[in-house]
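Residue numbers count from 1 along this sequence. Every number for a ligand or one of its atoms is a count from 1 in the order of the listing.
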Amino acid sequence: MEVFIAGGTGFIGRHLAKYLLRRGFRVKVLVRRPERALVISEGVIPSYGNPIIPGDWLHECAKADVIINLVGANIFARWTSKYKELIYESRILTTKHIVSVLTKGQILLNASAIGFYGTDRGEEEITEESAPGKDFLAKVCKSWEETAFSAKDKGVRVCTLRLGIVLGRDGGALSKMLLPFKLGLGGPIGHGKQWFPWIHIEDVCAAVTFLIKKDVSGPFNLVAPEIVRNKEFIQTLARVLRRPALLPVPPKALELIFGELVDILVGGVKARPKRLLEAGYIFSFPELFPALQNLFKKRLLRR
Ligand SMILES: NC(=O)c1ccc[n+]([C@@H]2O[C@H](COP(=O)([O-])OP(=O)(O)OC[C@H]3O[C@@H](n4cnc5c(N)ncnc54)[C@H](OP(=O)(O)O)[C@@H]3O)[C@@H](O)[C@H]2O)c1
């Protein structure tokens, strides 16, 4: 089975490409900058092109059995109006181009985010049936998913991946939290009571493989069954790293650095992986402490 990954040079894509390759898939990855070909694992086939511009790379999409679309400008930046445009366009244009060449029988797994539900949902239990949020990122996710689901009309099986905060050592939010921790400055954000919907990178790879093989479609929350609050996450991370969890980080300080993005860091929804569990997916890391222990075990053994 051939898989084409757009956005395969990023944090999740690199792990996923390697994971699928080891399980016997033929894996092709879209590379927009030649120097990024270096991050691809041996055995993965690069295909060159810019996902926001239609080009020859779309022939590869048209040929693959499965297309995984992870393209998107990183949200961890200051959200100027120009950057917000890039966050939106990099996702929607890429998805539109991909959908334009798909035909009956192909499978599209398209990234989305738990941000689909917005940030201000308090104690509400969030499942795939919950209504979308109204903030900027929620609107981006909604358009992103609508664009992906438009492929259904062509007979394509479409799943959207509403990703929580993906935990891995070499990318994503966790890698950004490590430096303050190493400096002894790690602490919860604000009051720390906000929910922190996390998932281990290995479960992302395994769940995507599960969705390729299982005949299901629609949106899927990719979050671990054990949901924790931000304060508990920070305390557990501190325990695993054997570093102190210090004073709360005031949201105002973050606002100076990140602007509007701070709402995402301070808000968090109590999301559940309802549809994945119903479909029969078994998490390798359903609980936070063992998940973090697994990610840092090599480091702890070296100490
Ligand atoms: N990681 C998480 O915790 C998380 C949570 C929720 C949702 N997601 C979503 O899942 C997707 C993958 O996440 P990730 O953590 O792997 O992201 P990432 O490491 O930032 O990788 C993003 C991918 O998109 C490409 N890209 C970035 N900006 C682009 C632009 N302006 N034009 C065209 N391509 C561009 C990158 O190419 P280069 O390698 O050339 O830069 C890379 O292949 C993203 O869309 C993200 O929003 C991630």
Side-chain angles (χ1 to χ4, degrees), residues 4-19 28-40 44 46-55 57 68-77 79 82-98 109-119 133 136-145 147-148 159-177 196-205 207-208 219-224 233 261 264-265 268-269 271 273 291 295:
F4 180 81
I5 311 180
T9 50
F11 161 53
I12 297 173
R14 290 194 312 266
H15 281 270
L16 193 55
K18 210 194 269 183
Y19 187 94
K28 289 187 180 170
V29 158
L30 181 61
V31 179
R32 66 171 173 143
R33 300 178 284 168
E35 70 272 18
R36 296 293 287 162
L38 296 173
V39 305
I40 294 175
V44 173
S47 161
Y48 295 89
N50 187 337
I52 59 174
I53 302 169
W57 63 275
I68 301 174
N69 176 21
L70 301 168
V71 170
N74 204 294
I75 65 157
F76 289 101
W79 287 7
K82 204 159 176 222
Y83 199 76
K84 279 166 87 171
E85 224 170 274
L86 188 66
I87 289 179
Y88 183 86
E89 296 216 318
S90 56
R91 288 172 172 77
I92 311 303
L93 289 181
T94 303
T95 312
K96 263 189 193 154
H97 301 324
I98 291 174
L109 302 182
N110 205 82
S112 177
I114 280 298
F116 177 91
Y117 303 107
T119 49
F136 167 70
L137 213 53
K139 285 179 186 158
V140 171
C141 290
K142 193 164 173 279
S143 307
W144 202 6
E145 292 198 10
T147 311
C159 297
T160 56
L161 316 168
R162 293 183 182 162
L163 292 151
I165 300 155
V166 181
L167 302 183
R169 284 283 302 276
D170 54 345
L174 189 58
S175 66
K176 292 193 168 55
M177 289 176 193
F196 190 90
W198 63 277
I199 181 166
H200 190 295
I201 181 69
E202 205 172 303
D203 269 317
V204 172
C205 297
V208 167
F220 288 87
N221 290 344
L222 265 68
V223 292
F233 174 79
L261 169 64
I264 307 293
L265 303 172
V269 301
L295 288 171

- Just which atoms of ligand 1 are under 4.0 Å from any heavy atom in Ala113? 6 (C), 7 (C)

- Message: Checking a contact table here: which protein heavy atom is nearest atom 48 (C) of ligand 1, and how many Å away?
- Response: Ile12 CD1, 3.8 Å

- Under 3.5 Å donor-acceptor, Thr95 side chain and Trp144 backbone: no

- Query: Looking only at heavy atoms, is any part of Trp144 under 4.0 Å from ligand 1, and if so is it the side chain, the backbone, or both, or is it neither?
  - Reply: side chain

- Task: Kindly say whether Leu174 contributes a backbone atom to a donor-acceptor pair with the side chain of Arg169 at under 3.5 angstrom?
- Result: no

- All heavy atoms of Ile201 vs all of Ile12, minimum pair found to be CD1-CA, 4.1 Å

- Message: Could you check whether any side-chain N or O of Asn110 sits under 3.5 Å from a backbone N or O of Ser112, counting only pairs where one atom can act as donor and the other as acceptor?
- Response: no

- Message: Which residue and atom name correspond to the protein heavy atom nearest atom 3 (O) of ligand 1, and how close is it?
- Response: Val166 N, 2.9 Å

- Query: Does Gly13 reach ligand 1 with a nitrogen or oxygen that is under 3.5 Å from one of the ligand's nitrogen or oxygen atoms?
  - Reply: no

- Task: For atom 20 (O) of ligand 1, grab the closest protein heavy atom and report residue, atom and distance to one decimal in Å.
- Result: Asn74 ND2, 3.0 Å

- Task: Quick one: closest heavy-atom pair of Ala173 and Ile165, and the distance?
- Result: CB-CG2, 3.7 Å

- Query: Parallel, tilted or perpendicular: which describes the rings of Phe196 and Phe233, with under 30° parallel and over 60° perpendicular?
  - Reply: parallel

- With heavy atoms under 4.0 Å as the rule, classify the contact between Ala173 and ligand 1 as side chain, backbone, both or neither. neither

- Go through Trp57 and His97 one step at a time and tell me if the side-chain contact (heavy atoms from CB on, under 4.5 Å) criterion holds. CA-CA 10 Å; Trp57 63 275; His97 301 324; 4.1 Å; yes

- Could you list which atoms of ligand 1 come closer than 4.0 Å to a heavy atom of Gly72? 22 (C), 24 (O), 26 (N), 27 (C), 28 (N), 45 (O)

- For atom 32 (N) of ligand 1, find the nearest protein heavy atom and state the residue, atom name and distance (0.1 Å precision). Arg32 NH1, 3.5 Å

- Any idea which protein heavy atom is nearest atom 44 (C) of ligand 1, and the distance to it? Leu70 O, 3.3 Å

- Query: Does the N or O separation between Arg36 and ligand 1 drop below 3.5 Å for any pair?
  - Reply: yes

- Task: Determine, stepwise, if the pair Arg14 / Asp170 fulfils side-chain contact (heavy atoms from CB on, under 4.5 Å).
- Result: CA-CA 10 Å; Arg14 290 194 312 266; Asp170 54 345; 4.0 Å; yes

- Protein contact for atom 17 (O) of ligand 1 (heavy atom, distance under 4.0 Å): no

- Task: Would you please determine whether Pro51 falls within less than 4.0 Å of ligand 1 on a heavy-atom basis?
- Result: yes

- Query: What protein heavy atom is closest to atom 8 (N) of ligand 1, reported as residue, atom name and distance in Å?
  - Reply: Leu163 CD1, 3.8 Å

- Taking atom 5 (C) of ligand 1 as the reference point, the nearest protein heavy atom with its distance: Gly164 O, 3.1 Å

- For Lys139, enumerate each residue passing the salt bridge (charged side-chain N to carboxylate O under 4.0 Å, His left out) test, keeping only those at least two apart in sequence or located in another chain. none

- Considering heavy atoms of the protein only, find what lies nearest to atom 21 (O) of ligand 1 and give residue, atom and distance to 0.1 Å. Gly10 CA, 3.2 Å

- Item | Min heavy-atom dist Arg91 to ligand 1 below 4.0 Å | yes

- Part of Leu86 with heavy atoms under 4.0 Å of ligand 1, whether side chain, backbone, both or neither: side chain

- Message: For Tyr88, is the OH atom crowded, meaning more than 12 foreign heavy atoms sit under 6.0 Å from it?
- Response: no

- One finds that the ligand 1 atoms under 4.0 Å from a non-hydrogen atom of Ser112 are 7 (C)

- Going through the checks in order, is the side-chain contact (heavy atoms from CB on, under 4.5 Å) test met by Tyr117 and Asn221? CA-CA 11 Å; Tyr117 303 107; Asn221 290 344; 2.7 Å; yes

